[in-house]
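In this text the structure is predicted, and so the values were computed from the model without any measurement.
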Amino acid sequence: MSFADRIVATNELIWSIPLIALCLLAGLYFSLRTGFLQVRHLPDMLNQLKKGEESEDGTSSFQSLMMSLAGRVGMGNIGGVATAIAFGGPGAVFWMWTSAFLGAATSFVESTLGQIYKEKDPDTGEYRGGPAYYFEKAYKHKARGLSLVYGILFAVVTILAMSFFLPGVQANGMASAINNAWGVPTWVTAIGLVILLAFIVIGGVKRIAHFTVIVVPTMALLYVLIALVVFFMNFTDIPRVFSLIFGSAFGAQPVFGAILGLAVKWGVQRGIYSNEAGQGTGPHAAAAAEVSHPAKQGFAQSFAVYVDTLFVCSATAFIIISTGMFNTFAGETWPSDVIHEGHGGLSTDVEPGPGFVQQGLDSVFPGAGPTFIAIALSFFVFTTIVAYYYMAETNLNYLTRKMKNRLAARGMQRVLQALVLISVAYGAVTTAGAAWGLGDIGVGSMAWLNIIGILFLQGPAMKALKDYREQKRQGLDPQFDPRKLGIEGATFWERRADEQLRGAADGGPSEKLLDRD
């Protein structure tokens, strides 16, 4: 069996029906358990992004959201949507929406846990956290051995995924789009991307936050606006677009009936790849934020799922479907037999990916489509890889934070940086199929571990949500003390509560510790 065949076999094993069901059912369960907070607390989400606090040690909720979106908004929002439509039909878009709506509740749980169990890095003073931290700390008082092993396992898998499996997909999409637009060889793009990334990844979380807070919202807003222009220029096709999406989502249209199962699979798979709800990436950015109550950042990260899928992914889907620039294939690889050709007349020689979107825009804005997508995807990919590195570094920090030899720990960090850059260079020049296969393995492996883990560890997140609601009903700005809720292992918040009490005893709470909403 060749290496490529092993990638395909491993990917099919990980992304089998059990994982698809786990993602959907976990999202449904958390939605029911939280009273559909993704709808009920939408005002809190927007308020937190507008008035969230910031300190020298942590980022604001808005900056944390941008860091999270930097990891979410990338190749998955453009090339991922295209591959979902190519192999699952237009109905895959509906299942992407479904995974996003349900996943918003999952994102709240994992991100709130990330806040509850975060730590302060002794070297940089920055906040660190994520699944590895909460897996170890949540059950530290009950099953230290098992929780520690599970935390280490997740950290190792995440380091491999973020530094080796996933960056290549992003680099491949960027190189492909640039080649389609301007004919630039992929190796040239690889060199340029590696040089630019090298300047950013050594700057730490604060530089990442300030970089992404400017780039991500600007490009995402511009991309959505362009999609809206396409949408209204094809206004008469809107009923047909929605009919195609909803009809093929449930097999109502005969041509897509045979691939109904693939519509669900590809919709959920690419939905998770794009919005990352349940994958365990959101908690890393969530932990970096400065908030007075963990639930606040849980709301902010839930909103990130909406922005990613309901806005950016939908924009891509409308560009592709409304212009008819897509083909749907019978198999799960390209090339294979075509079962449906969009009305735009897209050649079956165009590989599913950025090319679909470039051709779609080009049919509306002749000569400009490929260029705009190449530029937009370049920004999205760059910020995504930067976010990947941050998450890989956070998990490496988890593994080395108790090492006495800090020089050795710094050396491991340099090795990690080199690995990311090598992965980017290789991904840019390899085939799209191999890059996507490795990326899916990385996403699926993390999702299996994280979703199962938070189903067991959901208690503290639910207590935090209940506490937040009770304080809001009393007209208070929610503050968090884990000991009052019976939450153990949240040492950062315990110290924070003690400092607030000492500040009050001395004549008033410390301004740095108070929420300034």
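Using a 4.0 Å cut-off between a side-chain N of Lys or Arg and a carboxylate O of Asp or Glu, Glu494 and Lys484 do not qualify as a salt bridge. In summary, Arg483 and Glu488 do not engage in a salt bridge, as defined by a charged side-chain N under 4.0 Å from a carboxylate O. No salt bridge links Glu12 with Lys265; every basic N to acidic carboxylate O contact stays at or beyond 4.0 Å.
Residues Thr323 and Asn234 come closest through the heavy atom pair CG2-ND2, 4.3 Å.
Note: Trp97 and Phe246 have tilted aromatic rings, judged against thresholds of 30 and 60 degrees for the angle between ring planes. Between Phe242 and Phe231, the two ring planes are perpendicular [angle over 60°; tilted spans 30° to 60°]. A perpendicular orientation is assigned to the rings of Tyr306 and Phe303, their planes being inclined by more than 60° (bins at 30° and 60°).
Every pair passing ring-ring contact (aromatic ring centres under 6.0 Å, His included) that includes a residue from residues 17-50 is listed here, sequence neighbours excluded: His41-Phe299.
In the model, Gln479 has no side-chain atom that pairs as donor or acceptor with a side-chain atom of Gln471 under 3.5 Å. Judged purely by distance below 3.5 Å, without hydrogens or angles, the side chains of Tyr388 and Thr281 never pair a donor atom with an acceptor atom.
Note that Lys118 lies in the cation-pi zone of Tyr127, set by a 6.0 Å cut-off to the ring centre and a 45° limit from the axis. Remark: Arg270 qualifies as a cation-pi partner of Trp436 under the 6.0 Å distance and 45° angle criteria applied to the six-membered ring.
Heavy atoms from other residues, nucleotides or ligands lying under 6.0 Å from CZ of Phe164 number 12 at most. No more than 12 heavy-atom neighbours from other residues, nucleotides or ligands sit within 6.0 angstrom of CD1 on Ile17. Other residues, nucleotides and ligands contribute over 12 non-hydrogen atoms within 6.0 Å of the CZ atom of Phe250.
For Trp493, the ring pair (Phe, Tyr, Trp, His ring centres under 6.0 Å) criterion is met by Phe480, not counting sequence neighbours.
Remark: the backbone N or O of Val268 is not paired with any side-chain donor or acceptor of Ser99 at under 3.5 angstrom. Remark: side-chain polar atoms of Trp15 are not paired, donor with acceptor, to backbone N or O of Ile20 under 3.5 angstrom. Within the 3.5 Å criterion, the main-chain N or O of Phe101 finds a donor-acceptor partner in the side chain of Gln38.
A ring-centre distance under 6.0 Å is not found for Tyr133 and Tyr117.
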